[in-house]
Trainee: 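What follows is a single structure, and I will ask about it in a moment.
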Number of protein chains: 2
Amino acid sequence: MAITSHDVARLAGVSQPTVSRALRDQWGVSASTRRKVREAARTLGYVPIQAGRTLSTQTSGRIGIVSAELSNPFYPAIIEPVHDELARLGYRTILVTDRGHEPVELEPIIDGSLDGVILTTTELDSQLPYELRRRGVPFVLLNRDTRQPEYDACVVNNTVGVWDLAKLLLGLGHQRIGAIFGPDTASTGLERRTGFAQALGRLGASLPNSLTFSGPFSSTTGSQGFQYLWNAKPTAIFCANDVIALGAVSEAAALGVRIPEDVTLVGFDNIPMSSWNIFGLTTVGVSLEEMAMTAVGLLTRRMDDTERAVQRVTMKPVLTLRSTHGRPRALDAETH
Amino acid sequence: MAITSHDVARLAGVSQPTVSRALRDQWGVSASTRRKVREAARTLGYVPIQAGRTLSTQTSGRIGIVSAELSNPFYPAIIEPVHDELARLGYRTILVTDRGHEPVELEPIIDGSLDGVILTTTELDSQLPYELRRRGVPFVLLNRDTRQPEYDACVVNNTVGVWDLAKLLLGLGHQRIGAIFGPDTASTGLERRTGFAQALGRLGASLPNSLTFSGPFSSTTGSQGFQYLWNAKPTAIFCANDVIALGAVSEAAALGVRIPEDVTLVGFDNIPMSSWNIFGLTTVGVSLEEMAMTAVGLLTRRMDDTERAVQRVTMKPVLTLRSTHGRPRALDAETH
DNA sequence: GCTTGACATGCATACGTATGCAAAGAATAG
DNA sequence: CTATTCTTTGCATACGTATGCATGTCAAGC
């Protein structure tokens with residue numbers, strides 16, 4: 001059905017291998033032959049069949065990115081720059097969805113149709129990295145880490161990030177601080193929880209259990225968490241990521257709670273949506289573009305040399321002050 | 001490097017074809033042989049190389065979905081149910097990005113690596129459908145249509161949708177109605193623009209040019225459009241899709257304009273984010289799940305029979321009343 | 001016991017591209 | 001004019017899986 005290199009060869013009056021060489025710009029083909037082949041290929045609208053290429057070269061030019069559901073805005077936000085950077089390098093991006101409640105389907109990753117994989121949903125104890133290494137599939141961890149630092153990875157320094165936020169909140173005069181945490185099964189969840197609690201402690205404050213709530217990294221968690229915590233009347237709430245924070249902001253709006261007048265809310269990640277002016281979320285994070293580029297760089301280097309030493313990059317997040325933070329109401333009244 | 005069916009054959013003491021047949025559950029393989037092969041495959045961790053399969057069967061089990069940037073929330077919203085439905089049928093989804101300002105890259109679509117394609121970004125005069133038909137690649141139009149109804153498609157009845165919205169706005173007593181339209185190069189943009197203007201006309205109202213704004217289907221358009229229109233003080237604004245409407249709501253919040261007290265805003269599509277309670281957007285639309293299932297159904301039928309008659313489905317949108325609509329302020333005051 | 005048939009398995013090959021190697025042809029040097 | 005080198009091209013084959021066809025085996029029927 002489809003046009004093959006044999007068809008082009010016949011039309012150009014050359015052999016099939018010559019077609020392959022001519023179109024792939026290899027030396028060893030005369031200018032006139034190349035012109036003939038080019039012309040024939042153009043006439044027929046020839047496009048090389050990818051499967052043939054993959055089988056022959058053992059390389060597909062496809063990179064997989066394992067992400068969670070797209071309805072979680074964090075994932076589109078990280079997939080997009082990864083996709084762009086891969087495209088710049090001539091790779092195509094294949095989406096592999098991780099539903100969370102069941103392990104990622106392994107087959108489409110290790111069936112030879114991917115040259116490499118970027119993992120963005122890794123849980124601390126996930127077997128996937130181990131499995132991929134065992135099978136010789138190059139991969140890199142993006143944003144989330146495993147328990148042991150034994151794989152290529154590009155992650156955020158969560159400890160520094162939550163420290164900055166803790167300092168910000170305390171500096172504004174907040175005493176009664178609540179927190180909506182993510183799952184302890186992910187490095188981001190665990191590190192941000194323990195890091196934030198420790199930071200408060202070191203800075204002379206505390207985080208009572210009654211002022212914490214936990215759930216998956218979803219806007220629903222933010223919404224439920226805000227409902228739950230609001231009864232305990234904190235003056236500020238730390239959210240373990242922006243998606244949770246956006247859910248909390250949204251719930252606050254529904255309850256008629258004003259931000260930042262009635263409560264301060266901060267997030268983590270600095271996803272693009274947080275800058276929408278209806279949210280204006282004060283948050284901390286790294287450039288997702290830079291993170292994507294770094295991760296892609298690590299991956300391509302791993303693909304070039306599977307034996308090279310593990311390389312890990314930890315990016316330092318920076319604080320972005322927008323409009324969801326303010327002084328606690330009591331203090332505010334004092335100064336007037 | 002990777003394990004092949006030959007390795008499995010050697011270990012199981014059978015021939016390679018027998019491995020293929022045994023693992024593919026074909027008749028003509030004895031129970032004992034099948035058991036041996038299964039065992040050997042499990043031991044070696046054998047996964048069939050996709051390229052070999054594709055080359056041999058001329059089918060990849062991959063479906064492409066052409067969408068715009070994921071930063072536009074409409075696309076994650078439609079990709080997700082399409083992906084789920086395809087997964088249910090055993091297909092994997094490949095994302096193909098349409099950047100809008102340049103034509104979609106054709107090669108990865110027609111290089112034999114896709115069994116079919118779902119187009120969600122088709123412009124009225126796009127050459128892509130023509131090209132795909134010419135090359136025999138099965139496809140279906142989703143949401144957006146071409147100028148002539150010559151391809152399989154699942155679209156929304158935009159005329160009915162905007163009529164319902166026009167009726168709603170006029171019913172609430174709005175007289176001074178503005179609109180933020182999408183691009184005329186897309187069926188959704190054109191139909192919603194002309195449809196809305198006509199509906200107002202038939203219902204005895206009008207839409208002055210000074211109260212309209214146009215731009216791409218992005219939240220930025222909503223934001224800019226709201227800024228622009230707000231000077232002319234409309235009491236209600238129709239937005240050509242939800243993404244625009246969310247941008248407008250967001251901008252209104254930034255300007256301190258209250259919704260629906262100061263202005264009514266309505267959208268079109270009913271994407272999941274519109275139901276976030278910070279937005280609570282009143283809008284009209286079809287179930288994206290249903291739309292996705294319908295489109296996938298059309299596509300698979302086309303793949304089964306490339307000769308079958310063109311089939312087109314038009315879905316009737318329904319109104320979802322949330323909290324961004326209300327009576328105009330003047331009237332509201334009267335009744336008090 | 002021989003024939004017939006059903007079933008299980010292997011052989012050969014196709015799918016389309018890329019590449020090592022050999023052969024043929026052209027160009028250069030002596 | 002011949003010998004040598006370099007360039008261009010084709011032949012053969014590999015990549016891994018799936019399947020038509022032929023062969024082999026075994027059991028049942030007469």
Side-chain angles (χ1 to χ4, degrees), chain A residues 1-38 40-41 44-62 107-108 110-115 135-137, chain B residues 1-38 40-41 44-62 107-108 110-115 135-137:
Chain A
M1 177 80 216
I3 294 111
T4 73
S5 54
H6 289 94
D7 301 324
V8 178
R10 204 173 312 123
L11 180 59
V14 298
S15 72
Q16 178 271 323
T18 299
V19 172
S20 173
R21 281 190 266 256
L23 296 179
R24 290 169 52 67
D25 275 322
Q26 292 189 337
W27 46 273
V29 180
S30 71
S32 68
T33 302
R34 173 159 296 152
R35 212 171 329 110
K36 269 192 311 185
V37 171
R38 280 254 159 70
L44 296 176
Y46 168 68
V47 171
I49 304 287
Q50 182 59 35
R53 225 172 234 224
T54 301
L55 205 51
S56 186
T57 61
Q58 306 284 63
T59 184
S60 69
R62 264 80 170 157
E107 203 169 305
I110 59 176
D111 66 1
S113 57
L114 301 180
D115 294 347
R135 301 227 171 221
V137 179
Chain B
M1 177 81 216
I3 293 111
T4 73
S5 54
H6 289 95
D7 301 324
V8 178
R10 203 172 314 124
L11 180 59
V14 299
S15 72
Q16 177 272 323
T18 299
V19 171
S20 173
R21 280 189 267 256
L23 295 179
R24 290 170 52 68
D25 276 322
Q26 291 190 338
W27 45 272
V29 180
S30 71
S32 68
T33 302
R34 173 159 296 152
R35 212 171 330 109
K36 269 191 312 183
V37 171
R38 280 254 159 70
L44 296 176
Y46 168 67
V47 171
I49 305 286
Q50 181 59 35
R53 226 175 237 229
T54 301
L55 205 52
S56 185
T57 61
Q58 306 284 62
T59 185
S60 68
R62 263 79 170 160
E107 202 169 306
I110 60 179
D111 66 0
S113 56
L114 300 180
D115 294 347
R135 312 199 79 117
V137 178

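The sequence lines fix the lettering, A, B, ..., with proteins before strands; numbering per chain opens at 1. Keep in mind that what you see is a predicted model, and the values were worked out from it rather than measured.
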Trainee: To the nearest angstrom, how far is B:R53 atom CZ from C:dG16 atom C1'?
Mentor: 18 Å
Trainee: Quick one: A:Q58 CD to C:dA18 P, roughly how many Å, whole number?
Mentor: 13 Å
Trainee: Does a nitrogen or oxygen in the side chain of A:S5 sit under 4.0 Å from OP1 or OP2 of C:dT17?
Mentor: yes
Trainee: For A:S56, enumerate each residue passing the side chain to side chain donor-acceptor pair (under 3.5 Å) test, keeping only those at least two apart in sequence or located in another chain.
Mentor: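 In terms of side chain to side chain donor-acceptor pair (under 3.5 Å), with neighbours along the sequence ignored, A:S56 is linked to no residue.
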Trainee: When rounded to the nearest 0.5 angstrom, what distance separates NE2 in B:H6 from OH in B:Y46?
Mentor: 9.5 Å
Trainee: Output one letter per nucleotide in nucleotides 5-10 of chain D: B when a protein non-hydrogen atom lies under 4.0 Å from the base, S when only the sugar-phosphate is that close, - when neither is.
Mentor: ---SBB
Trainee: Rounded to whole angstrom units, what separation is found between the CZ atom of B:R35 and the C1' atom of C:dA8?
Mentor: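 Answer to the nearest Å: 15 Å.
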Trainee: Which residues, if any, of residues 44-51 of chain B bring a heavy atom under 4.0 Å of DNA chain D?
Mentor: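 Correct list: B:Y46, B:P48, B:I49.
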Trainee: To check you understand the geometry: which heavy-atom pair defines the closest contact between A:I3 and A:L44, and what is its length?
Mentor: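 For A:I3 and A:L44, the tightest heavy-atom pair comes out as CD1-O, 3.3 Å.
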Trainee: Closest approach of B:D7 and B:T4, non-hydrogen atoms and distance?
Mentor: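 It is OD2-N, 2.9 Å.
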Trainee: In whole angstrom, what separates B:L55's CG from C:dT17's P?
Mentor: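 After rounding, the gap between these two atoms is 9 Å.
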Trainee: OP1 or OP2 of D:dA18 sitting under 4.0 Å from any side-chain N/O of B:S20?
Mentor: yes
Trainee: Does any part of the side chain of B:R34, heavy atoms only, come nearer than 4.5 Å to the side chain of B:V37, both counted from C-beta?
Mentor: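 SC-SC contact between B:V37 and B:R34 ruled out.
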Trainee: So what is the end-to-end bend of the helix from C:dG1-D:dC30 to C:dG30-D:dC1, with 5 pairs used at each end and the value given to 10 degrees?
Mentor: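 The helix from C:dG1-D:dC30 to C:dG30-D:dC1 shows an end-to-end axis angle of 50°.
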Trainee: Rounded to whole Å, how long is the line connecting atom CG of B:D7 with atom C1' of D:dC15?
Mentor: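 The distance from CG of B:D7 to C1' of D:dC15 comes to 13 Å, rounded to the nearest Å.
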Trainee: Listed by chain and number, what are the side chain to side chain contact (heavy atoms under 4.5 Å, CB included) partners of A:R53, not counting sequence neighbours?
Mentor: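 So A:R53 forms a side chain to side chain contact (heavy atoms under 4.5 Å, CB included) with A:R24, A:P48, A:Q50.
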Trainee: Between C:dG20 atom P and A:R24 atom CZ, what is the distance in whole Å?
Mentor: 11 Å
Trainee: Which heavy atom in A:A22 sits nearest to a heavy atom in A:R38, and how many Å separate them?
Mentor: O-NH2, 4.0 Å
Trainee: Short question: side chain of A:S60, backbone of A:S113 - any donor-acceptor pair under 3.5 Å?
Mentor: yes
Trainee: For a side-chain contact (heavy atoms from CB on, under 4.5 Å) check, start with the C-alpha distance between A:V47 and B:R135, then their side-chain angles and the critical distance, and finish with the verdict.
Mentor: CA-CA 11 Å; A:V47 171; B:R135 312 199 79 117; 4.2 Å; yes
Trainee: Calculate, to the nearest 0.5 Å, the distance between atoms OG and CZ belonging to B:S5 and B:R21 respectively.
Mentor: 12.0 Å
Trainee: Figure out the CZ/P separation between B:R10 and D:dG16, and round it to whole Å.
Mentor: 11 Å
Trainee: Partners of A:S15 by side chain to side chain contact (heavy atoms under 4.5 Å, CB included), sequence neighbours excluded?
Mentor: A:P17, A:T18
